[in-house]
Each structure stands twice: as C-alpha cells, then as structure tokens.
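If you're wondering where the values come from, they're calculated on a predicted model, not measured in any experiment. Basis for what follows: all heavy atoms, side chains included, without hydrogens, waters or symmetry-related copies.
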Amino acid sequence: MQIKQATAADLEAVCRFYQEVCAQQQDDEYGADWHWGVYPNRELLADRIDNGMVVEGLVNGQVATVGILTTGEDPNYRQVDWAIAAPEQQITVLHLFAASKNFRGQGLAKQMLQKLFEFAKNKGYMVMHLDVMKGNVPAERAYVKSGFRFAGEVVLHYEDIGDTSAHMYERKL
C-alpha cells in the first residue's frame, strides 16, 4: 500500500471513496452511519485537503483507505476526561477514518493507522483522539489493537444523525 498526503488533484478520488463508503454502510451491520453530502461532503474534503490533513492509502492506484487529521481538540470532545494531558497544538483528532469494503480483510486499516501515527508524530502531535459510535464493535476492536485507550462515553451531536452515544478513545504518539 502506498500512503500519501492528498492534494487538490486527489479531491475527486477522495470524494468517490467516501461516496462508496457511505453507500456501502447500508449493507453493514456496523458502521459510522455517515451520509454523503451532509457528512462528509465535497466542501469539507476540499478544505481538509487544502489544509494538508487528508492522508490516503492507495492499492494499485485505487484509494483503499483514508483518514483526516485536524489540529487541536474537537470542541465536542472537551467534556471528556482525557488521561493524557497535552497542549492544544499537540492534540490531533482523527476523523472519517475508513477502509473501502473492496479492500477489507487485508490488514490495510492497521497499516494505515500506523502511518497516521507516524505522520502525526512527525508533525509534532503528542496525542490522537477519536470517537466511535457506540455499538461499532469492529472499529473499537481495531482501535484498541492499534494502541488506543477507552476514555469514556459521551453524547455527541453529529450533523447528519443528531445526538448519538459515542465512545471516546485516545492514543499517545
């Protein structure tokens, strides 16, 4: 798998990737329940690419996995009692992490997470935070295996699905 930071030239491929992921979630027992056009949407992805925070994993030139990093604590996460104290500029949050259904079972998500950890650490981040919708057992299992620690359960408001219970995770980089 080739891992690279997405550029403006990659926007169409990244949008197609998330459109497919959103469509495939209808057939999954577990999932993030994203809704293309609301979250994620083209404008959000273009903004994140412009700010250099979209990392994609390619297999034979096809987007197989994508993760988006943001700098600083997500305002919705401030209610969490995080175990790892870090200055705001050394916190990164992982958003919209997904692997294409076409590439599942190949260990690509694990490889991509490791690369995201390296990418974030090289950018000077000390800790990574993320949320998982309560009940998304496969995602939680994958994050724990990759070194994330459960930090609590909170209710978060998502633009596309409203108030939802989420499990919060953190990982020292």
Side-chain angles (χ1 to χ4, degrees), residues 1-72 74 90-133 136-148 158-160 166-167 169-173:
M1 178 169 63
Q2 174 197 4
I3 298 185
K4 70 181 203 79
Q5 191 170 333
T7 66
D10 300 312
L11 177 61
E12 293 306 318
V14 171
C15 285
R16 277 193 307 275
F17 170 82
Y18 282 113
Q19 288 171 336
E20 290 171 11
V21 167
C22 290
Q24 290 169 349
Q25 287 180 58
Q26 297 173 7
D27 300 328
D28 286 343
E29 181 179 353
Y30 304 103
D33 199 21
W34 299 327
H35 298 87
W36 175 255
V38 179
Y39 184 78
N41 61 56
R42 181 182 181 79
E43 295 76 25
L44 171 76
L45 297 173
D47 177 67
R48 296 297 189 251
I49 286 173
D50 287 346
N51 289 301
M53 297 183 265
V54 178
V55 181
E56 56 184 339
L58 306 171
V59 174
N60 298 323
Q62 285 189 289
V63 181
T65 181
V66 177
I68 299 175
L69 298 174
T70 57
T71 300
D74 185 302
Q90 292 183 333
I91 298 170
T92 187
V93 177
L94 177 59
H95 302 275
L96 292 166
F97 180 71
S100 168
K101 198 171 192 172
N102 302 331
F103 294 98
R104 288 186 188 161
Q106 299 177 30
L108 299 182
K110 183 177 180 180
Q111 288 178 46
M112 180 66 159
L113 282 171
Q114 292 305 315
K115 292 296 183 182
L116 285 167
F117 301 151
E118 291 171 25
F119 178 83
K121 191 172 183 175
N122 289 337
K123 294 272 188 185
Y125 296 110
M126 187 176 136
V127 64
M128 185 179 289
H129 293 163
L130 61 81
D131 68 84
V132 179
M133 285 179 51
N136 188 346
V137 177
E140 290 191 77
R141 191 175 305 126
Y143 290 130
V144 169
K145 283 183 180 179
S146 292
F148 280 91
Y158 297 97
E159 294 175 31
D160 54 346
H167 286 172
Y169 287 88
E170 67 182 332
R171 186 184 190 281
K172 184 173 174 45
L173 300 172

Taking 4.0 angstrom as the limit, do Arg42 and Glu12 come out as a salt bridge?
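Looking at Glu12 together with Arg42, the answer is yes, because their closest N to O distance falls below 4.0 Å.
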
Just by modelled atom types, is the [Y] backbone N or O under 3.5 Å from a matching donor or acceptor in the [X] side chain?
X	Y	answer
Gln5	Val55	no
Asp47	Glu43	no
Asn136	Val132	no
Asp10	Ala13	no

With side chains defined as the heavy atoms from C-beta onward, is the minimum distance between [X] and [Y] less than 4.5 Å?
X	Y	answer
Met128	Val93	no
Thr65	Met1	yes
Lys110	Lys145	no
His129	Tyr169	no
Asp74	His95	yes
Arg48	Leu96	no
Gln62	Asn60	no
Thr71	Thr92	no

Do Tyr39 and Tyr18 have ring centroids that are under 6.0 Å from one another?
no

Distance-minimising heavy-atom pair for [X] and [Y]:
X	Y	value
Val21	Ala98	CG1-CB, 4.0 Å
Glu140	Met133	OE2-O, 4.4 Å
Leu94	Leu130	O-CB, 3.7 Å
Leu113	Ala142	CD1-O, 4.5 Å

To the nearest 0.5 Å, tell me how far Leu108 CG sits from Asn102 CG.
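Going from CG on Leu108 over to CG on Asn102, the span is 11.0 Å.
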
Reported CD-to-SG distance for the pair Glu20 and Cys15, which is rounded to 0.5 angstrom
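If we round to the nearest 0.5 Å, Glu20:CD and Cys15:SG are 11.5 Å apart.
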
Heavy-atom count around Lys4 NZ within 6.0 Å, excluding the residue itself: above 12?
yes

Is the charged tip of Arg171 near the ring of Tyr143: under 6.0 Å from the six-membered ring centre and within 45° of its axis?
no

